[in-house]
Chemist: 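After the structure tokens below, expect a handful of questions from me.
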Amino acid sequence: MGDSLHELNVRCGRPDVRFVAGLGDFAVAQLSNRFGVATVALHGAHVMSYVPQGAHPVIWMSEHSKFEPGQPIRGGVPVCWPWFGPDPLSRFGGHGFARLVSWRVAQTETAPGGETSIALELTDHMVPAEFEPYPFKLELTVTLGPALVIALKVWNTGDRTVEYSGALHTYFAVADAAKIQITGLEDCDYFDSVLGAAGVQRGAIVIDREIDRIYKGTSGICRILDPGFDRVIRVAKSGSTSTVVWNPWIAKSQRMSDFGDEEYHTMVCIEAANAPRADDCRTLPPGGRAELRQIISLEA
Ligand code: TA6
């Protein structure tokens with residue numbers, strides 16, 4: 001059994017970090033400082049919200065999300081690990097087990113510049129045995145500063161080489177998905193998971209149907225140009241050469257029980273991935289370490 005809220009606040013609480021009971025009684029860390037506010041659930045080390053000072057929320061959350069142990073949260077930033085997409089061994093659902101279990105708070109920190117960070121960790125010992133995890137340690141650090149920085153560190157703590165895939169599966173809030181443009185992936189090859197075919201991105205991405213694409217060979221910055229909110233969301237990353245763009249549009253929205261039929265209008269996912277379809281799986285030797293990072297900010 002993890003720390004109680006009281007124990008968390010005693011052990012890791014600080015003026016800019018408070019632990020409270022969130023939806024479904026999930027323990028949630030509230031980070032707040034001069035740059036804005038962000039919340040992170042211990043369940044899945046799941047960023048649930050990010051609101052820069054004086055701005056509209058940047059991270060989107062479904063009003064139909066489940067908040068149950070063993071279930072993924074719909075919206076925010078699911079941590080997909082150790083597999084992105086279908087389970088390569090066809091035993092479990094998509095996107096791995098890291099988002100289904102509770103993580104432990106390792107530490108919190110306030111930097112001299114006022115940035116606030118929290119680090120959460122997950123090891124193979126904390127994962128239900130049915131997943132047969134190999135020895136590993138994950139640490140997700142969320143830093144609230146001029147940007148929101150989300151960094152997933154992966155350690156192979158075993159004695160044999162392992163391979164994994166994953167993603168920071170971020171849901172962004174937009175005024176109207178049909179009116180935004182996504183730039184930064186022009187001329188990139190992609191795999192279209194809706195059509196089951198390859199393609200090349202021509203110009204900016206517009207959302208006018210179900211979009212589910214895995215872009216290959218990507219390392220640059222994406223931007224969401226949102227005329228409705230009159231803003232540009234800048235999405236940078238490292239430790240990844242694949243980017244996934246997803247909007248379920250009409251039919252898929254209706255098929256998902258934890259997603260409202262009309263919610264596709266106000267969200268789009270841009271994911272910093274290590275996607276198998278883009279030959280971006282990662283291999284770690286014993287003692288090896290790797291990091292996947294996404295940096296989210298509003299452009300002035
Ligand atoms: O990242 C895009 C995607 O893989 C889509 O295929 C879609 O299924 C989405 O993830 C959501 O997956 P989930 O398992 O959370 O329902």
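Each ligand, and each atom within it, is numbered from 1 in the order the structure gives.
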Chemist: Are Lys252 and ligand 1 in contact, using a heavy-atom cut-off of under 4.0 Å?
Modeler: yes
Chemist: Which residue in the set Pro276, Cys281, Pro82 passes side-chain contact (heavy atoms from CB on, under 4.5 Å) when paired with Glu163?
Modeler: Cys281
Chemist: Does ligand 1 have a heavy atom under 4.0 Å from the side chain of Arg99, from its backbone, from both, or from neither?
Modeler: side chain
Chemist: Can you pull out the closest protein heavy atom to atom 3 (C) of ligand 1? Residue, atom name and distance to 0.1 Å, please.
Modeler: His95 NE2, 3.7 Å
Chemist: Do Lys137 and Asp124 sit within salt-bridge range, that is, some charged N less than 4.0 Å from a carboxylate O?
Modeler: no
Chemist: For the pair Arg277 and Asp279, find out whether any cationic side-chain nitrogen is under 4.0 Å from an anionic carboxylate oxygen.
Modeler: no
Chemist: Can you list the atoms of ligand 1 that are under 4.0 Å from a heavy atom of Val244?
Modeler: 1 (O), 2 (C)
Chemist: Is the backbone N or O of Glu132 less than 3.5 Å from a side-chain atom of Glu130, with the two atoms forming a donor-acceptor pair by type?
Modeler: no
Chemist: Taking 4.0 angstrom as the limit and counting only heavy atoms of Glu271, give me the atoms of ligand 1 inside it, by number and element.
Modeler: 1 (O), 2 (C)
Chemist: Please list, in number order, the atoms of ligand 1 under 4.0 Å from a heavy atom of Asp212.
Modeler: 2 (C), 5 (C), 6 (O)
Chemist: Can you tell me which residue among Trp60, Phe259, Tyr264 is in a ring-ring contact (aromatic ring centres under 6.0 Å, His included) with Tyr171?
Modeler: Trp60
Chemist: If we set the cut-off at 4.0 Å for heavy atoms, which region of Arg74 has an atom near ligand 1: side chain, backbone, both, or neither?
Modeler: side chain
Chemist: Could you tell me whether the side chain of Glu262 reaches within less than 4.5 Å of the side chain of Ser253, counting heavy atoms only?
Modeler: no
